[in-house]
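In what follows, a single structure is set out as structure tokens and then discussed.
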Amino acid sequence: METGPGDTAGGGELTHTAFYSCESTGQAGWIPVGDIRLPIDDLGFRQAVTAVERLRTYRGVLFQAPRHLARLAGTLAAIGMESAFGDVRWAVLLDELIERNRDWIESQGDVGVTIWATPGSHWATHPTYALHLNRIDPVVASQRRELGQAVVLTDVQQPSPACWSRQAKVRSRLHYYLADQQAGAIHPGATGVLCDADGSWTESGIANLGLVIGDEILLPPLSQVLGGITQSFAIECAERLGIAIRHQNLSTADIARADAMLLMGTDCGIWYANQVFQVGGTSLVAFPVPGEDSVVRRLQREMPESEIPQKL
């Protein structure tokens with residue numbers, strides 16, 4: 001899922017080398033990340049027409065990179081920009097980004113990677129795009145995995161698929177921002193969950209949701225949410241562990257009767273909700289810390305381990 005308010009990215013000085021290509025500014029190639037300048041007439045700024053993809057490393061190795069790049073290709077196709085980027089070798093650029101910044105990555109532990117692309121100042125003629133790194137706070141990520149994170153069910157609704165495909169990962173994220181604004185007012189550090197037109201619950205700005213009920217995991221229909229890469233990995237792990245997966249609309253009643261709520265996203269991997277609040281701020285359910293034999297912990301053990309920098 002996308003990084004948003006209350007996530008673990010940001011903080012610290014970014015001093016690495018990024019790749020940036022923008023005809024309007026005359027920049028094309030590897031430059032200090034602080035030199036990236038998006039022109040005010042770029043459609044990525046003017047209309048938020050920006051395809052985006054977020055990855056991370058585990059012990060310095062990119063996690064599920066082919067899946068992330070496949071999702072990026074799908075996003076570019078969904079918003080009509082695939083032809084403008086047909087010659088861009090994303091995988092080669094990703095590998096070079098990691099190699100050029102190996103020392104900085106080692107100083108940070110593990111890091112996030114962001115790719116974004118816009119049509120530039122003119123539709124599909126001179127596109128703008130960048131690849132750069134961002135910090136992942138290992139302390140926050142570890143706390144969420146061990147102790148959980150609060151979740152708020154908001155009254156902010158998912159945009160209709162008639163607006164743009166929910167499978168397209170884009171920078172038009174005002175709905176996530178508003179949901180997290182509501183969530184933060186109710187519980188600091190909480191992530192806000194979006195409702196759908198039918199009243200069911202979908203996802204937050206940083207996580208796909210799953211409800212553990214018995215030895216089964218309930219997930220929203222794939223057409224209802226952004227296809228999370230960590231979620232896809234978790235589904236494969238669950239099936240390998242003999243944990244059943246079922247897709248259905250998630251209701252408030254389903255959440256109230258669940259044994260646990262899984263949260264799955266790029267920065268933190270697999271974590272869980274420790275408490276779920278309703279729109280008005282009343283607590284719907286508080287989940288205990290999962291036991292070692294729980295579905296949550298079994299799935300967490302399937303994830304790669306993070307590299308924690310020595311200074312921490």
Side-chain angles (χ1 to χ4, degrees), residues 1-2 8 53-59 61-71 74 110 141-149 151 153 166-167 169 191 193-194 196 200-276 285-306:
M1 295 302 291
E2 176 62 19
T8 61
E53 193 58 42
R54 287 269 293 111
L55 305 83
R56 66 159 292 165
T57 64
Y58 284 100
R59 293 193 174 273
V61 178
L62 289 168
F63 177 67
Q64 300 285 301
R67 278 182 169 168
H68 278 286
L69 293 182
R71 187 170 67 177
D110 279 309
S142 178
Q143 288 175 342
R144 288 181 180 173
R145 287 193 294 267
E146 293 302 315
L147 303 175
Q149 181 182 17
V151 165
L153 306 178
R166 291 181 183 175
Q167 300 308 305
K169 190 174 178 66
T191 185
V193 176
L194 301 171
D196 213 334
S200 64
W201 301 105
T202 59
E203 62 193 354
S204 87
I206 60 171
N208 287 114
L209 309 180
L211 299 180
V212 179
I213 299 179
D215 204 28
E216 181 178 58
I217 299 174
L218 305 185
L219 299 171
L222 294 177
S223 61
Q224 200 178 34
V225 297
L226 176 68
I229 305 304
T230 305
Q231 176 183 251
S232 297
F233 182 78
I235 289 172
E236 289 181 354
C237 293
E239 292 172 343
R240 187 169 61 250
L241 294 171
I243 302 168
I245 299 291
R246 181 153 54 94
H247 293 274
Q248 66 171 56
N249 290 348
L250 302 184
S251 69
T252 303
D254 290 328
I255 296 172
R257 70 187 179 95
D259 301 314
M261 176 185 281
L262 283 170
L263 302 175
M264 298 160 283
T266 295
D267 278 10
C268 297
I270 297 175
W271 69 113
Y272 67 97
N274 52 29
Q275 192 165 14
V276 179
V285 60
F287 293 111
V289 174
E292 287 304 305
D293 294 329
S294 67
V295 169
V296 173
R297 297 303 189 203
R298 290 165 67 193
L299 288 177
Q300 286 181 330
R301 287 195 289 269
E302 296 296 310
M303 293 292 293
E305 292 184 5
S306 295

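Please read all numbers here as calculations on a predicted model, not as lab measurements. For reference, positions follow the sequence shown, starting with 1.
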> Quick check: does any side chain N or O of D215 sit under 3.5 Å from a backbone N or O of I243, one acting as donor and the other as acceptor?
Replying inline: no
> What is the distance from atom CG of L262 to atom OG1 of T230, rounded to the nearest 0.5 Å?
Replying inline: 12.0 Å
> Where do L153 and V276 land on the side-chain contact (heavy atoms from CB on, under 4.5 Å) test, with the steps shown first?
Replying inline: CA-CA 7 Å; L153 306 178; V276 179; 3.8 Å; yes
> Can you name the nearest heavy-atom pair linking I217 to G210, along with the distance?
Replying inline: CG2-CA, 4.3 Å
> Would you find a donor on one side and an acceptor on the other, under 3.5 Å apart, between the side chain of R71 and the backbone of G227?
Replying inline: yes
>> Do K169 and R54 make a side-chain contact, defined as non-hydrogen atoms from C-beta onward lying under 4.5 Å apart?
In response: yes
> When you look at L250 and M261, which way does the side-chain contact (heavy atoms from CB on, under 4.5 Å) test go after all the steps?
Replying inline: CA-CA 11 Å; L250 302 184; M261 176 185 281; over 6 Å; no
> Distance-only, no hydrogens or angles: does the T202 side chain make a donor-acceptor pair with backbone N or O of L194 under 3.5 Å?
Replying inline: yes
>> Using only atom types and a distance under 3.5 Å, with no angle test, would you say the side chain of R145 pairs donor to acceptor with the backbone of Q300?
In response: no
>> Show the nearest heavy-atom pair for residues D110 and R59, with the distance to one decimal.
In response: OD1-N, 2.8 Å
> Are the side chain of N208 and the backbone of L226 linked by a donor-acceptor contact shorter than 3.5 Å?
Replying inline: yes
>> Quick one: does any side-chain atom of E146 pair with a main-chain N or O of W271 as donor and acceptor, under 3.5 Å?
In response: no
> Checking side-chain contact (heavy atoms from CB on, under 4.5 Å) for the pair T266/H68: CA distance, chi angles, key distance, verdict?
Replying inline: CA-CA 10 Å; T266 295; H68 278 286; 4.1 Å; yes
Which pairs would a plain distance check flag for residues 287-295, meaning a side-chain donor or acceptor within less than 3.5 Å of a matching protein atom at least two apart in sequence or in another chain?
residue, atom, partner, partner atom, Å
E292, OE1, R301, NH1, 3.3
S294, OG, G291, O, 2.7
S294, OG, R297, N, 3.2

>> Taking the basic N atoms (NZ, or NE/NH1/NH2) and the acidic carboxylate oxygens, is any pair closer than 4.0 Å for R166 and E203?
In response: no
> How long is the gap from CH2 on W201 to CG on D196, to the nearest 0.5 Å?
Replying inline: 10.5 Å
> A141 and C268: which non-hydrogen atoms are nearest, and at how many Å?
Replying inline: CA-SG, 3.9 Å
>> Please find the pair of heavy atoms, one from T191 and one from S204, that lie closest to each other, and give the distance.
In response: OG1-OG, 2.9 Å
>> Could you report the tightest heavy-atom contact between I213 and D254, atom names first, then the distance?
In response: CD1-O, 4.2 Å
> Rounded to the nearest 0.5 Å, what separation is found between the CG atom of L222 and the CD atom of Q231?
Replying inline: 6.5 Å
> In Å, rounded to the nearest 0.5 Å, how long is the span from CD1 of I245 to CD of E216?
Replying inline: 8.0 Å
>> Under a 3.5 Å distance rule, please check whether Y272 uses its side chain to pair with a backbone N or O of L147 as donor and acceptor.
In response: yes
>> With rounding to the nearest 0.5 angstrom, report the NE2 to CG distance, H247 to L219.
In response: 5.0 Å
> If you measure only the distance, is there a donor-acceptor pair under 3.5 Å linking the side chains of Q224 and S200?
Replying inline: yes
> Taking it one step at a time, do Y58 and M303 satisfy side-chain contact (heavy atoms from CB on, under 4.5 Å)?
Replying inline: CA-CA 9 Å; Y58 284 100; M303 293 292 293; 3.4 Å; yes
> Under 4.5 Å between any side-chain heavy atoms of V225 and L209, yes or no?
Replying inline: no
> Can you name the closest pair of heavy atoms from E302 and C237 and give their distance?
Replying inline: CB-SG, 3.5 Å
> Rounded to the nearest 0.5 Å, what separation is found between the CD1 atom of I229 and the CG atom of L55?
Replying inline: 8.5 Å
> Any side-chain heavy atom of L263 within less than 4.5 Å of one from I270?
Replying inline: no
